2 protein chains.
Amino acid sequence: MRMAAGPEAKPAPAAAPRGRGRRATRASGDDRERAILETAERLLEERPLAEISVDDLAKGAGISRPTFYFYFPSKDAVVLTIIDRLVADAAEGREEILTTLAENGPRAGLRKSLENLYAAFRSRPGVVRAGSDLRPTNGEARSLWAAVMEGWVADVTAVIEFERARGAAPAGPPAREMAIALVQMNERAQYATLLGEAPAIDRDHVLDVLIEIWLRAIYGTPEPG
Amino acid sequence: MRMAAGPEAKPAPAAAPRGRGRRATRASGDDRERAILETAERLLEERPLAEISVDDLAKGAGISRPTFYFYFPSKDAVVLTIIDRLVADAAEGREEILTTLAENGPRAGLRKSLENLYAAFRSRPGVVRAGSDLRPTNGEARSLWAAVMEGWVADVTAVIEFERARGAAPAGPPAREMAIALVQMNERAQYATLLGEAPAIDRDHVLDVLIEIWLRAIYGTPEPG
DNA sequence: GAACTCTATCAACACTGTGTCGAGCTCGTC
DNA sequence: GACGAGCTCGACACAGTGTTGATAGAGTTC
């Protein structure tokens, strides 16, 4: 299986490489590129990635299939471009989580951070699903998501360590491993809810439930009897 | 996209319908069917499902591609058969979780239940990955897994409600929604660890970390400062 | 022991989708 | 007015799926 996308190792003279799209240019065909991306976003909200062909994208953008390949090296590359942007959007409004927590207190601060984080995702479930669908077959999708997860894990690890250091949170498992579990829980639970999966937490409760578990996991010690 | 497998609505006279495999028979060709399943299991530990073709399965079982279709309606059907069995294996040794908890106490009981639960999965990571890879494109895989999750969620919901009723656990979010989040966390974290994903909890710590979070989530109340 | 049936087998086909090649069009500019 | 760069697509080669139809053998049944 060929690894999709990535600018060719061809000449590509001047002009900065612009993401996963066309081989460095600035001419008019930018419209086409945008049309392809918009078609993909639209179709992804209608049906899963596996049911969208390169031809669908080409037709949707008003070009032929071979012409599609002038703009993108594969269907995957289109989706990866869209995901890139989504992830960037999600990261954008994000403030330093430690600051948010300090300013608002644990519960409200956590809620603020997570609400902000998921805002971008909630509006494009189809894109989220596509990204998830891509991971099994596409190494680039895997490493992109891995990097995103790693970022969140690092943040949360810092929070846990900070709270433990100032005596607000009790000792427990290694902060990083707790952080991984919590971030993964959020990923999974939010995804299930967003895509309307089988057992899933109700849309209006997800954050409440997840936050409560985070707080208990980080600040609480069980005294089971 | 055709929905894979399922016994045909054809005549199929006597003989109980035997899962997703051949159209009801008992003749010699059982060997072939087994050979296909074994080939699939073997190849899945070598490479992902997407890189295994029907031809690979046929060749591996010493038959031609059309003959494969005599035994299974599709590649997906083969994988679903394997998953069915894996899930059955996993459910097999399982005892009533409430009993286990009552007998061993929360921490040890939970550990015992989860250890037992994951024993079957740990030995066949390739099959687990295949099941996961199948979900995006195969509705049957989705509902099979949904049913499995639903079973676990029901068990855990019962545990939480029981512990709350007897005063061992404090009130909190609806038991079922907590259960969903916790079960989903386990699914995701165990999967990441089993498949050696990017940020993942260390193999030797997963259960410890997950159990600690479960205990704190179920029995603990945070008093954040 | 001829006719009949039912399992099992595969060569050849039809189809869908991907990605490539090469020829050709349309500009701006030298 | 011709050269090159950006852009376009018809036609191809390929890989994979699922189907059809013909056939071989094994096991009744009369």
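These numbers come from a predicted model, not from an experiment. Protein chains get the first letters and strands the later ones, always in sequence-line order, with residue 1 at the start of each.
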Let's see if you can work this out: which of [options] has an atom nearest to the side-chain heavy atoms of [X]?
X	options	result
B:P66	C:dT7, C:dA12, D:dG18	C:dA12
A:Y69	D:dT19, D:dG6, C:dT18	C:dT18
B:R32	D:dT17, C:dT9, C:dC10	C:dT9

To the nearest angstrom, how far is [X] atom [atom1] from [N] atom [atom2]?
X	N	atom1	atom2	value
B:F72	D:dT17	CZ	P	15 Å
A:D31	D:dC7	CG	C1'	13 Å
A:L49	C:dT18	CG	C1'	14 Å
A:D76	C:dG19	CG	C1'	13 Å
A:F70	C:dC25	CZ	P	18 Å

Within the structure, does a side-chain N or O atom of [X] lie under 4.0 Å from either OP1 or OP2 of [N]?
X	N	value
A:R65	D:dA11	no
B:T67	C:dC10	yes
A:Y71	D:dG6	no

Q: Flag the pair B:K112 and B:E96 as a salt bridge only when some basic side-chain nitrogen lies within less than 4.0 angstrom of an acidic carboxylate oxygen.
A: no
Q.
For A:I201, run the side-chain contact (heavy atoms from CB on, under 4.5 Å) check against A:D208, A:T193, A:L207 and tell me which one passes.
A. A:T193
Whether [X] side chain and [Y] backbone form a donor-acceptor pair below 3.5 Å:
X	Y	result
A:E140	A:A77	no
B:R203	B:L194	yes
B:D56	B:S53	yes

Q) Using a heavy-atom distance cut-off of less than 4.0 Å, which residues of residues 52-64 of chain B contact DNA chain C? A) B:I63, B:S64
**Q.** Residue of the set B:N138, B:T137, B:T81 for which side-chain hydrogen bond (donor to acceptor under 3.5 Å, both in side chains) holds with B:D76
**A.** B:N138
Q: Could you give me the CA-CA distance, side-chain angles and deciding distance for B:R42 and B:E38, then say whether salt bridge (charged side-chain N to carboxylate O under 4.0 Å, His left out) is met?
A: CA-CA 6 Å; B:R42 182 169 47 78; B:E38 275 161 22; over 6 Å; no
